[in-house]
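Input: a single structure, listed below in structure tokens.
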Amino acid sequence: MAKKSVSCKIGPSILNSDLSCLADESQRLVDSGADYLHLDVMDGHFVPNMTFWTSCSKMFEEQNKRAFFESHMMVSNPEKWIEPMADSSVNQYTFHIEPCEDVPSVCRKVREAGMQVGLAIKPKTPVEAVEQYIDLADLILVMTVEPGFGGQKFMNDMMPKVKWLRKNYPNLNLKSRRRRP
């Protein structure tokens, strides 16, 4: 039996970038071969830290001409941030299902705002919790660290979740990443 080819995408986080030269650092990542840029957005409620906010939006808007931006929304109210991120020219809005009361509604609003949908789960969340929403998503993000802090040790015990998703949904996350017009 021939082995199936899986296309991998590389999307480095710009969490630890120097904000004073974020545009230059983002461009360097794209020039180095990054397929997209991953923005970690934290509200200080869902996770204890705070990061990128919409005041960075003009930089994202300018960089979006050259790069695909995925926002990883580690926030308590993901629906609150849809329009600001869409206005910031973010291409994909990835939010956690854990704090969300109505995942299908948020997915619909994200699509209506012109962004692709990503769903994220924390390490303690069973992978089956996201299964009912897979048809609504372009990407499933399995966290391999507890959200909220950079520099943590990779959690190898999350790999069975990835294997389960790849086995049961082989075409998941293989959709092309398009930049917004």
Side-chain angles (χ1 to χ4, degrees), residues 4 6-17 19 25-26 29 34-53 56 60 68-82 84-85 90-111 115-175 177:
K4 188 167 127 181
V6 175
S7 173
C8 294
K9 303 287 184 189
I10 298 172
S13 171
I14 60 174
L15 177 63
N16 291 321
S17 295
L19 292 179
E25 290 194 7
S26 296
L29 289 168
D35 294 300
Y36 66 98
L37 299 179
H38 178 92
L39 312 172
D40 290 298
V41 180
M42 303 176 207
D43 66 358
H45 298 283
F46 181 66
V47 297
N49 280 332
M50 291 183 69
T51 58
F52 298 107
W53 51 96
C56 294
F60 298 151
F68 181 96
F69 279 95
E70 178 226 357
S71 63
H72 175 199
M73 307 302 294
M74 292 171 271
V75 298
S76 294
N77 298 307
E79 50 283 320
K80 172 183 174 183
W81 300 98
I82 295 170
M85 296 311 280
V90 164
N91 302 96
Q92 181 166 297
Y93 190 90
T94 299
F95 65 96
H96 279 264
I97 66 169
E98 294 91 353
C100 193
E101 291 182 23
D102 189 350
V103 171
S105 174
V106 174
C107 291
R108 180 182 48 77
K109 290 175 184 175
V110 169
R111 289 227 190 271
M115 296 178 287
Q116 293 179 14
V117 175
L119 301 175
I121 56 173
K122 292 166 58 169
K124 291 183 176 134
T125 302
V127 70
E128 295 82 9
V130 78
E131 185 175 19
Q132 64 184 314
Y133 309 119
I134 286 177
D135 289 342
L136 304 174
D138 297 295
L139 171 134
I140 303 297
L141 173 62
V142 175
M143 294 290 298
T144 57
V145 297
E146 282 298 327
F149 297 95
Q152 297 178 65
K153 187 176 187 310
F154 180 82
M155 299 169 79
N156 274 325
D157 56 339
M158 295 301 108
M159 291 302 90
K161 292 180 184 183
V162 174
K163 286 182 180 181
W164 185 88
L165 284 165
R166 184 59 67 206
K167 177 183 175 199
N168 292 295
Y169 301 94
N171 295 319
L172 182 64
N173 298 354
L174 297 180
K175 299 174 185 174
R177 292 181 177 264

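Since this is a predicted model, take the numbers as computed values, not measurements.
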Take Q116 and L139, measure what side chain to side chain contact (heavy atoms under 4.5 Å, CB included) needs, and give me the verdict at the end.
CA-CA 8 Å; Q116 293 179 14; L139 171 134; over 6 Å; no
Could you check if a side-chain atom of V103 sits within less than 4.5 angstrom of a side-chain atom of V130, using non-hydrogen atoms only?
no
Report yes if the side chains of L141 and H72 come closer than 4.5 Å at any heavy-atom pair, otherwise no.
yes
Distance in Å, N77 CG paired with E101 CD, rounded so as to fall on 0.5 Å steps
8.5 Å
Using a strict cut-off of less than 4.0 Å between a Lys/Arg side-chain nitrogen and an Asp/Glu carboxylate oxygen, indicate whether D102 and K109 qualify as a salt bridge.
no
If you count the non-hydrogen atoms of other residues, nucleotides and ligands that lie under 6.0 Å from CD in E128, is the total more than 12?
yes
Can you confirm whether I121 sits close enough to E98 that some side-chain heavy atom of one is under 4.5 Å from a side-chain heavy atom of the other?
yes
For T94, enumerate each residue passing the side chain to side chain donor-acceptor pair (under 3.5 Å) test, keeping only those at least two apart in sequence or located in another chain.
E70, Q92
Is there side-chain contact between V41 and M85, with at least one heavy-atom pair below 4.5 Å?
yes
Does some side-chain heavy atom of M159 sit less than 4.5 Å from a side-chain heavy atom of T144?
yes
Rounded to the nearest 0.5 Å, what's the gap from CG on L39 to OG on S26? Could you check?
7.5 Å
Flag, side chain of Y93 to backbone of M73, donor-acceptor distance under 3.5 Å
no
According to side chain to side chain contact (heavy atoms under 4.5 Å, CB included), who are the partners of P160, at least two apart in sequence or on a separate chain?
none
Are P123 and D157 close enough that some pair of their side-chain heavy atoms sits under 4.5 Å apart?
no
With heavy-atom distances below 4.5 Å as the criterion, would you say the side chains of F95 and C100 are in contact?
yes
Return the set of residues passing side chain to side chain donor-acceptor pair (under 3.5 Å) with E25 (not counting sequence neighbours), or none when no residue passes.
S17
Any side-chain heavy atom of L136 sitting closer than 4.5 Å to one from V117?
no
Going from CE on M74 to NE2 on H96, what distance comes out if it is rounded to the nearest 0.5 angstrom?
6.0 Å
Could you label the plane-to-plane angle of the Y36 and F68 rings as parallel, tilted or perpendicular, counting under 30° as parallel and over 60° as perpendicular?
perpendicular
Check whether K161 reaches the backbone of T125 with its side chain - one donor and one acceptor, N or O, closer than 3.5 Å.
yes
Rounded at 0.5 Å granularity, tell me how far OH in Y133 sits from CG in L119.
9.0 Å
Polar side-chain atom of N91 near backbone of F69 as donor-acceptor pair, under 3.5 Å
yes
Nearest 0.5 Å, what's the CE-NZ distance between M158 and K124?
9.5 Å
CG on D35 to CG on L29, rounded to 0.5 Å
11.5 Å
